[in-house]
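The structure appears right after this line, and notes come after that.
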Number of protein chains: 2
Amino acid sequence: MTTSPSVDVVRRFNRSYTQRVGVLEESFLGPDMPLGTARLLYEIGVAPGTAHALRTRLELDSGYLSRLLRRLQDDGLVSVAPDPDDRRRRRIDLTPAGRERWDELERRSAERARRLVAPLSDRQQARLVAALAEADLLVRAATIEIATVPPGSELARRAVAEYFAEVGARIDGTGTFDVDAALAADAHRLVAPHGAFVVATSAGEPVACGGVQTLEDGSGEIKRMWVDGSWRGAGLGARLLRHLEDVARDLGHAVVHLDTNAALTEAIAMYERSGYRRVERYNDNPHATHFFAKDLTAG
Amino acid sequence: MTTSPSVDVVRRFNRSYTQRVGVLEESFLGPDMPLGTARLLYEIGVAPGTAHALRTRLELDSGYLSRLLRRLQDDGLVSVAPDPDDRRRRRIDLTPAGRERWDELERRSAERARRLVAPLSDRQQARLVAALAEADLLVRAATIEIATVPPGSELARRAVAEYFAEVGARIDGTGTFDVDAALAADAHRLVAPHGAFVVATSAGEPVACGGVQTLEDGSGEIKRMWVDGSWRGAGLGARLLRHLEDVARDLGHAVVHLDTNAALTEAIAMYERSGYRRVERYNDNPHATHFFAKDLTAG
DNA sequence: GTCATTCTCTGACTCTAGTCAGAGATCAAT
DNA sequence: ATTGATCTCTGACTAGAGTCAGAGAATGAC
């Protein structure tokens, strides 16, 4: 059996960490509440919403979720009310008693973490914290899922909204982009067979996105590329870019272009690292100052 | 609610790691075998032994363990035979079929780890590995348990055996220590009210030990101090030393002495960092070259 | 040899966790 | 208004995980 050092270390960590920290989730275990119920209560406290949203987030069977919610409701911990937007759905919120219970879970979980680090010296604690923070970022980056979605889907809208918010703040300062017009155009240009739009999600939340459209036969353009601020430095941008290049290749493009703005310095650095070369202005985008292209047939 | 940064990072890590890597132990999940059974099979493969040893290691109910073993036995995966040393106990070993199944669990678990790191670039993988290895060491160090045990107990014997093996190898080179005589003396000197012997264990295995004996009223001596080679650099020695000083204080000592050998350079450095000062030879131990003392009433 | 203890096993339980197949309400599109 | 899809809930399950109280054999201390 061949194993790489990195695989061994990950496995060793998993084994010893679960053994010592216990089934980690059991930090939620408390009086009168089984693990599943407590976990659900906790998630509701973190982000209340519809039962449907909880179901997709926690990947629960609808019958199972319904029963768990019923129990929380009977205990007076959550309130269940029809969602005004769509009365098939139910909005789930914590009651004051539920909030109190949630705080208790928080305390319990924090206490557990505190006990874990307590025996360590200050210097060791600092080392552990740095190591876990680094591991956290990388694991989260590794488990991101990249999927092609319709530009009109809710996920895509949310991602593009973040894109425009950031581009507006960093380039324009006043937010004068015509967002609606851009979205309307995307709905046609960023779908097969002319293009595609992909969103990277982490735990169901969009953390990055990008689109490919066709300039002319064999020539594509990458648009709407955005990476969430808290995810910078995890190599996500480069990975997304590679993915988009694959998409462009699948669309039959031999070369991809992209434009960007001088204010987006990290992005420009990344394009250069990824093999893009500067080219002449190829469109009349008033917000673009730098233009790049990359040959997809080489390498 | 007050939280420290280190506690927050640990909690955040726990949350995201369990969420993404799933219930980690489920890496064992495979065909025709529930999680608990697979975990047990895996542990038997890692370290076969008596049912009793497995029970303490995995903290299982004896009835539950018995049933799990029965199932593994029925499936032809483990062999159960009376322990010749103590016929109440049963020795558990993997059969060839069990070993095959164990290999499969290994493969499965490695595959899982491989998938986790696969999306990362080589540099990121290296960063993740370094972070997890560091976290692993520190978490293991943080969860060590230090307990006072009788010098004659099996745990103490094992620890002292390691101590003599190492001291013999590093100082003497030939192993001419009179181990039996030393152990016989320990059995009297390292127990209350004259002294104590403590063992630090990690997952039930001894990883460090040390004893305190009485030289004269108010004056103690630290003996048999040992830290397992793979645990160096985790601050375990300093922690054990502090623990032994507390023990000495409880025994009524105002000062503790200790002797050591010039060959044990790390130990000497640690004693100095921990506030020990060099003193004149206070005994006729032929293997000792350096002598230290520390006042326990100050600070 | 006696007696308390230790180790394992069995039977009888409880409680979670989770699945599956509908039923009934609501919505979006035509 | 009809139709097909979506969302939630209920009932009826299965299986896993674990607890608890003994019973019977073996052991160690006296």
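Only a predicted model underlies this, so the values are computations on that prediction, with no experimental measurement involved. In the text below, chain A, chain B and the rest are named by the order of the sequence lines, each starting its count at 1.
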Nearest-nucleotide wise, let me know which of A:Pro84 and A:Glu59 is further upstream toward the 5' end of DNA chain C.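 The residue closer to the strand's 5' end, by nearest nucleotide, is A:Glu59.
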
Rounded to the nearest Å, what distance is computed from the CD1 atom of residue A:Ile92 to the C1' atom of nucleotide D:dC7? 12 Å

Identify the residue among A:Leu40, A:Ile44, A:Thr50 that makes a side chain to side chain contact (heavy atoms under 4.5 Å, CB included) with A:Ile92. A:Ile44

Quick check on the helix from C:dG1-D:dC30 to C:dT30-D:dA1: what's the angle between its two end axes, five base pairs per end, to the nearest 10°?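 One end axis against the other gives 30°.
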
What closest approach, in Å, do A:Ala51 and A:Leu69 show between heavy atoms, and which atom pair accounts for it? CB-CD1, 4.1 Å

Can we say A:Asp103 and A:Arg101 salt-bridge, meaning some charged N sits less than 4.0 Å from an Asp/Glu carboxylate O? no

To the side chain of A:Asp86, which of C:dC27, D:dA26, D:dA17 is closest? C:dC27

Any side-chain N or O of B:Arg90 below 4.0 angstrom from OP1/OP2 of C:dC9? yes

Taking only N and O in the side chain of A:Arg70, is any of them less than 4.0 Å away from OP1 or OP2 of D:dT10? yes

Should we count CD of A:Glu100 as having more than 12 external heavy atoms under 6.0 Å?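 No.
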
For A:Glu111, does the CD atom sit with more than 12 other heavy atoms under 6.0 Å from it, leaving out its own atoms? yes

Distance (rounded to the nearest 0.5 Å) between A:Ser230 OG and A:Leu137 CG: 9.0 Å

Among residues two or more places apart or on two chains, list those pairs meeting side chain to side chain donor-acceptor pair (under 3.5 Å) that have a residue in residues 69-83 of chain A. none

When you measure from every atom of DNA chain D, which of residues 60-69 of chain A have a heavy atom less than 4.0 Å away? A:Ser62, A:Gly63, A:Ser66, A:Arg67

Take A:Arg158 and A:Glu205 through the side-chain contact (heavy atoms from CB on, under 4.5 Å) test and state the conclusion after the steps. CA-CA 9 Å; A:Arg158 285 172 58 195; A:Glu205 294 295 301; 2.7 Å; yes

Looking at B:Arg88 and C:dT8, is any side-chain donor or acceptor paired with a base atom of the opposite kind under 3.5 Å? no

